[in-house]
Amino acid sequence: MFSLCCISNELKPTHSFQTMTWKRFNDLGAGELALKELSARWLNNVKVTHRIIQHCADNGWNYRVSSSLFPILTHPEFKYNHYDAPDFEAILDEFRAIQDARYPVRLSTHPSQFVVLASNNQESVKKSIDDLEHHAWMMDLLGCERSYQNPINIHVNCSDGEPWEIADRFAANLATLSDGVRSRLVVENEDRGIWNVERLVKYFYNRHGIPITYDNLHHKCNPSDVGIYDCAATWGDYKPLFHYSESHPDKSNLRSHADMPTDFPRIHSVDHEIELKAKDFAIRHIQNLVDKHSILS
DNA sequence: ACCAGTCAAGGAAGC
DNA sequence: GCTTCCTTGACTGGT
């Protein structure tokens with residue numbers, strides 16, 4: 001099955017996410033007025049998420065939940081808690097509605113590249129931990145399992161030291177986190193730097209038992225001898241959730257993502273998040289390509 | 001109604 | 001030891 005990533009281009013005209021910057025929050029006074037405006041945007045974002053999950057259920061897709069549902073909430077200087085938001089009861093009601101509907105949609109999250117659990121900068125580690133716990137909190141509210149069925153996928157994004165040292169720092173920090181994070185956390189190969197598939201399997205899976213998310217485009221840009229099937233084996237009894245994308249046809253940088261696909265993932269028994277900019281339209285096109293291929297073969 | 005600039009983050013890479 | 005780039009899309013403010 002295929003996952004839609006964060007945004008539905010088909011629903012965007014009527015259901016779009018809202019955000020607020022830290023600067024804007026402070027320009028509004030950083031008080032009740034600012035919090036009221038922020039709270040309304042959080043509620044909007046959870047409602048939009050519900051609508052997109054319905055849309056995915058209708059189409060037989062999975063869904064990667066956006067990491068931008070609660071702007072400012074994890075900012076280190078934000079003085080309020082989530083329950084201080086005037087709309088928080090309504091937000092909880094919306095989450096309950098999502099849980100109660102029991103959509104057959106595999107949910108996942110992908111915290112940003114600024115989460116660096118193995119950093120030597122302790123402030124960065126603390127922010128990373130807060131962000132990961134926030135994602136786990138959100139996934140619990142969405143009714144997600146605490147397992148690799150509903151993974152939290154991140155990059156290592158650190159090359160400070162020997163690979164085994166980085167992996168051990170990462171694992172030591174991970175061990176201090178809640179069950180909601182530890183039970184879901186997986187790591188993905190990167191399109192540059194030391195963290196290709198081979199090193200991830202060697203230092204994160206073999207050494208610490210952390211499953212590996214295989215990204216085909218990153219593997220093309222930053223190859224190694226270990227491949228997609230080796231990554232699939234790191235997921236144990238869980239169905240792997242991998243990434244599929246293609247290079248932009250008109251850009252010299254191989255790493256930039258295309259809008260639409262020209263091909264499709266060939267491996268069976270694996271779910272794929274489709275990281276193509278046309279979003280829903282790209283998934284429909286991939287499904288057409290798969291259907292044509294199966295008729296011809 | 002539209003458009004260009006803004007915003008936020010950690011680290012890598014290039015002077 | 002600086003600056004720039006990477007990445008992203010909604011927001012903001014000016015026209």
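Residue numbers start from 1 in every chain, and the chains themselves are labelled A, B, ... in the order their sequence lines are given, proteins ahead of strands.
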Nearest-angstrom distance from the residue atom CG of A/N121 to P of B/dG10: 8 Å

Donor-acceptor side-chain pairing of A/D130 and A/T74 below 3.5 angstrom: no

Closest listed nucleotide, where the reference is the side chain of A/R255 and the choices are C/dT7, B/dG11, C/dG9: C/dT7

Candidate pair A/R169 and A/D160, rule salt bridge (Lys or Arg N to Asp or Glu O under 4.0 Å), full reasoning: CA-CA 11 Å; A/R169 276 207 303 277; A/D160 199 352; 5.1 Å; no

Pair A/S3, A/H272: side-chain N/O donor-acceptor within cut-off below 3.5 Å: no

Separation of atom CD1 in A/I166 from atom C1' in B/dA12, rounded to whole Å: 13 Å

For atom NE2 of A/H155 and atom P of B/dG10, their distance in whole Å: 16 Å

Aromatic centroids of A/Y80 and A/F78 separated by under 6.0 Å: yes

Sugar-phosphate, base or nothing in reach of A/S16, heavy atoms under 4.0 Å: nothing

Most 5' of A/R192 and A/T19 on DNA chain C, judged by nearest nucleotide: A/R192

Touch class at under 4.0 angstrom, heavy-atom based, for A/S68 against every strand present: nothing

Protein-nucleotide distance (A/D259, atom CG; C/dG9, atom P), rounded to Å: 10 Å

Nearest-Å distance for atom pair NZ/P, residues A/K126 and B/dG10: 13 Å

A/E190 CD - B/dG10 P separation (whole Å): 16 Å

Atom-pair distance (CZ on A/R24; P on C/dT12), nearest Å: 4 Å

Shortest non-hydrogen separation from A/I53 to A/V105 and the atoms involved: O-CG2, 3.9 Å

Nearest listed nucleotide, side chain of A/Q18, among C/dT12, C/dG9, C/dA10: C/dA10

Along DNA chain C (nearest heavy atom to each residue), the more 5'-positioned of A/D27 and A/K12: A/K12

Rounded distance (Å) that lies between atom P of B/dG10 and atom CZ of A/F170: 17 Å

Nearest-neighbour nucleotide for the A/K23 side chain, C/dT12, B/dG11, B/dA8 considered: B/dA8

